[in-house]
Structures are given as C-alpha cells and as structure tokens.
Peer 1: 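So that we are looking at the same thing, I have put the structure below in structure tokens.
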Amino acid sequence: MGAHTHDHIDWAARIPDLRRGDELHAAAFAEIARRLTANLPQGATVVDAGSGTGGMSAALAAELAVRGGGTLILVDAVPELLAVATETAAAAVEAVGGQPSVTGGPDGAAARAQSETATTAPSGGSERAAAGARSEAADTAPLGEAGSPAGAAQPETLTGPSRGVGPVRIEAVRADVAGRALGEIVPSADLVWAAAMVHHLPDQQAGISALASALAPGGLLAVAEGGLQTQTLPWDVGVGAPGLERRLLAIGDEWFGEMRSGMDGSVRMPYGWTTALTRAGLRSVGSFTALVDHPAPTTDLVRRFVLGHLTRLAETVDDRMSEDDRNAVRLLLDPEGPDYLGNRDDLYVLGTRTVHIGRK
C-alpha cells in the first residue's frame, strides 16, 4: 500500500508522474540551484525539505559537486519518495564527475521504489541537472532580481567561484516536518530548500518558522510556492465546451481550499509568502521566478506528462465536474478514440517556479 501523509494524498502512487514533472522542470531547477548555491561556503550543508522524487535534489547535488563538494540532506515523510530522491541526487553527482556517498534512508525504501524508477529512471533529470551545473550563464544575475518588491533589500549577487568538482555526502532522513521543527531533525544548514511543500502543512506560517529553525547564522531559506498554474492544452480541444483546462484548474482551486480547511489543526495564512518569511524573523526577503516552457509542437515526454496531468486533475475534481466536461475528459483520455490527446502535436507545458527567499 502506498504511503499517505496528513494531506491524505498517496504520494507514492504518483511517483511516475512526479518523475516526468522533474524532467520537464530540470532546466528551471538548474537555474534556481545555480542562483541559490553561488555564495555558499566551501563544504556547505544544504537541506531539501520535502524532497519528493528529487528533481531539485539532483540540481542541488550537482551544484554542490562542481563547487567543491558538501552535504545534501534529503527530508521526506514518504519512504518511497525518499528512496527515489536519494538515487536521483547520487546520479547527478556522478554525472558531473563527483563522488557521492549515501547514508541514512528508510529501511527497504530503495527496493520498494525500484519498480517505479525502472520506468522513470532518474538519469535523464540528473543529466540535465549536471548540464545546468556546468553552465555559468547565470553567474552574475542578482539573486532576487525578478519579482522582488521595489526597494526591497536584495541578497548578494552571484559571484561564487568555481572550486572544482568535489565529493557530496547525501543523507536521507525520513521525517514529517509538520510534526517537528526542522532544526530538531537536521544539523544547521547554509541553505534550506522547500518546494510546493509548505502549502500541504496545516499551519503554513508555523511551517515557515519550523524550516527557518534549521538555518545556520547567515543561512538562506528558499521556499518555492505560488507562481502561475501550469497549462498544457489548447483553449478549444474539439470536444466539449472550449476552456476545459481552465475550468478544471478553477475547480481544483476550490478542492484545494476544502482540502486545507479539512486538515486537523488547519490555520489560514491571509498574506503572501514574503510576509511569512519576514514574520519568521528572516531578513533580505525577496522573490524570483524561473520559467518552465515546453512549447508545441509537442514531444513524447510532454504528451506523457499532459496525459498524467489531466488524469490526476480529473480524478481530483471528478465529483465537481459537469457531465459535459466529464465526457470530454473521457474522450481525450481514450487511447482507442479519435480525440485521444496522445495523438496530438499541439500539447505544451507552460508554467513558472516562483522562489521566495530570506536570510537568517
């Protein structure tokens, strides 16, 4: 049986879809990792809290390797996800010529994840992360240049030197950060990264503060939340009323609000993420955004991602859809029918990753 978390989502069952998403986000992850790690000290400690299937873990691991080495700590409550993330990060280090050493991890998690990783191997995303780590294109861009409030204090610019490839120690820690402060779980870190994780915690402000508790003096907390919803379909797909995907996304927002309100101990956070970082006592707060853009004509990877994306979205909001939209989804996902999405060349993936940052 797959592992569930307090948000009642079976994340282990979603591993193939998550891995496809990691591949499509690899360039954005690499860009973000370059910006976040550029000024880290030699032998830095980086924590990926809620590491998922390791897309960003791979990018961070590759950057640590090419910057002389360091320690990457992966934290997740789901053992199957943790196993995949660990393998993915180790492969990324090897891809840039580094030497990974792996410690910790849930008993048997790697074996349980073997069937998923066999069909969604981490090497593709790891190689992309490695390629991003070798690129120096963003080495002079200010960390908070995009999306930061006018006049806000900006963290230092990217001036970190290349130190040669070094070893990376990867430690896997199975833990639920909703139950304990991250500083009680991991050693002090120079960088804590948490992507699309805090909004699954009952008390998001408390979650931000709990993540910040793991920072060493001068350490950076980077939280990827918000941004634009990913879109994948033409406005008119030829079945049902035009605007299908937009309607499903809107219904998904309603579902998400009810999911959050139904969590035990749920607390509203009626302000933005940069305010949450400030309230957690962090300084030099700002934001930047990376684009995820895979335009049509489509590729096989995009087709598989879009099929999984629509399937999951429709499953989530099935009881809220109109009969017309439910029938349209059925036709689009029928591989034997004339309207099957898998036969189209006009699918795409367009979205963003917005990162909110603050320093201790």
Side-chain angles (χ1 to χ4, degrees), residues 2 4 7-28 52-53 55 116 119-120 124-125 195-196 199-200 225-262 289-354:
H4 293 259
D7 54 13
H8 309 299
I9 296 174
D10 186 354
W11 290 107
R14 297 190 177 190
I15 286 176
D17 288 342
L18 293 172
R19 289 299 298 131
R20 282 188 285 270
D22 285 346
E23 285 199 65
L24 291 171
H25 284 75
T53 46
E116 289 93 347
T119 57
T120 54
H199 69 253
H200 289 282
E225 293 283 358
L228 302 178
Q229 290 180 313
T230 298
Q231 298 190 21
T232 63
L233 301 180
W235 181 68
D236 188 347
V237 293
V239 293
L244 173 66
E245 185 176 35
R246 276 77 164 173
R247 288 195 297 279
L248 297 185
L249 289 172
I251 298 171
D253 281 344
E254 295 176 4
W255 168 86
F256 178 75
E258 292 186 12
M259 184 272 289
R260 278 207 51 79
S261 63
T289 297
L291 180 67
V292 179
D293 185 16
H294 297 271
T298 194
T299 65
D300 287 341
L301 176 61
V302 168
R303 285 191 189 93
R304 292 195 299 272
F305 175 83
V306 173
L307 287 167
H309 171 73
L310 182 60
T311 299
R312 291 292 183 188
L313 184 56
E315 289 174 349
T316 300
V317 304
D318 180 69
D319 60 340
R320 302 165 185 263
M321 280 192 290
S322 69
E323 191 58 38
D324 184 57
D325 283 348
R326 187 176 293 108
N327 183 61
V329 169
R330 180 184 61 79
L331 294 173
L332 293 172
L333 295 179
D334 179 6
E336 303 301 324
D339 302 305
Y340 181 49
L341 286 181
N343 295 328
R344 299 181 71 124
D345 64 358
D346 56 356
L347 308 179
Y348 61 94
V349 176
L350 179 62
T352 62
R353 281 280 179 165
T354 298

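None of the values given here were measured: they were computed from a predicted structure.
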Peer 1: Do the two ring centres, one from Phe256 and one from His199, sit under 6.0 Å apart?
Peer 2: yes

Peer 1: Over all heavy atoms of both residues, which pair between Thr354 and Gly227 is shortest? Give the atoms and the distance, please.
Peer 2: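 Looking at all heavy atoms of both residues, the closest pair is OG1-CA, 3.4 Å.
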
Peer 1: Would you say Arg19 and Asp22 make side-chain contact, with heavy atoms under 4.5 Å?
Peer 2: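 A side-chain contact under 4.5 Å exists here.
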
Peer 1: For the CZ atom of Arg247 and the CG atom of Asp324, what is their distance to the nearest 0.5 Å?
Peer 2: 7.0 Å

Peer 1: With rounding to the nearest 0.5 Å, note down the distance linking CG in Leu307 to CG in Leu332.
Peer 2: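 One finds 9.5 Å between CG of Leu307 and CG of Leu332.
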
Peer 1: Please tell me if the side chains of Glu245 and Val237 come closer than 4.5 Å, counting only heavy atoms from C-beta onward.
Peer 2: no

Peer 1: Compare all side-chain heavy atoms of Leu347 with those of Thr299 and state whether any distance is below 4.5 angstrom.
Peer 2: no

Peer 1: Sort out for me which residue in Thr232, Asp334, Asp346, Leu233 forms a side chain to side chain contact (heavy atoms under 4.5 Å, CB included) with Leu341.
Peer 2: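 So the option named by the test is Leu233.
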
Peer 1: Between CZ of Arg320 and CG of Leu248, what distance do you get to the nearest 0.5 Å?
Peer 2: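 Between atom CZ of Arg320 and atom CG of Leu248 there are 12.5 Å.
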
Peer 1: Do Val306 and Arg344 come within less than 4.5 Å of each other through their side chains, counting heavy atoms only?
Peer 2: no

Peer 1: If I take atom CD1 from residue Ile251 and atom CZ from residue Arg246, how far apart are they, to the nearest 0.5 angstrom?
Peer 2: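 If we round to the nearest 0.5 Å, Ile251:CD1 and Arg246:CZ are 14.0 Å apart.
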
Peer 1: Calculate, to the nearest 0.5 Å, the distance between atoms CZ and CG belonging to Arg303 and Asn343 respectively.
Peer 2: 8.0 Å

Peer 1: Say you draw a straight line from CZ of Arg14 to CZ of Arg312; how long is it, rounded to the nearest 0.5 Å?
Peer 2: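 The CZ atom of Arg14 sits 5.0 Å away from the CZ atom of Arg312.
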
Peer 1: When you check the gap from the basic side-chain N to the acidic O, do Glu23 and Arg20 get nearer than 4.0 Å?
Peer 2: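 Salt bridge flag = no for Arg20 with Glu23.
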
Peer 1: For His25 and Gly55, indicate whether the former's side chain and the latter's backbone hold a donor-acceptor pair under 3.5 Å.
Peer 2: no

Peer 1: How far apart are the closest heavy atoms of Leu249 and Gln229, and which atoms are they?
Peer 2: CB-OE1, 3.6 Å

Peer 1: Give me the atom names and distance for the closest heavy-atom approach of Ala314 to Val329.
Peer 2: CB-CG1, 3.7 Å

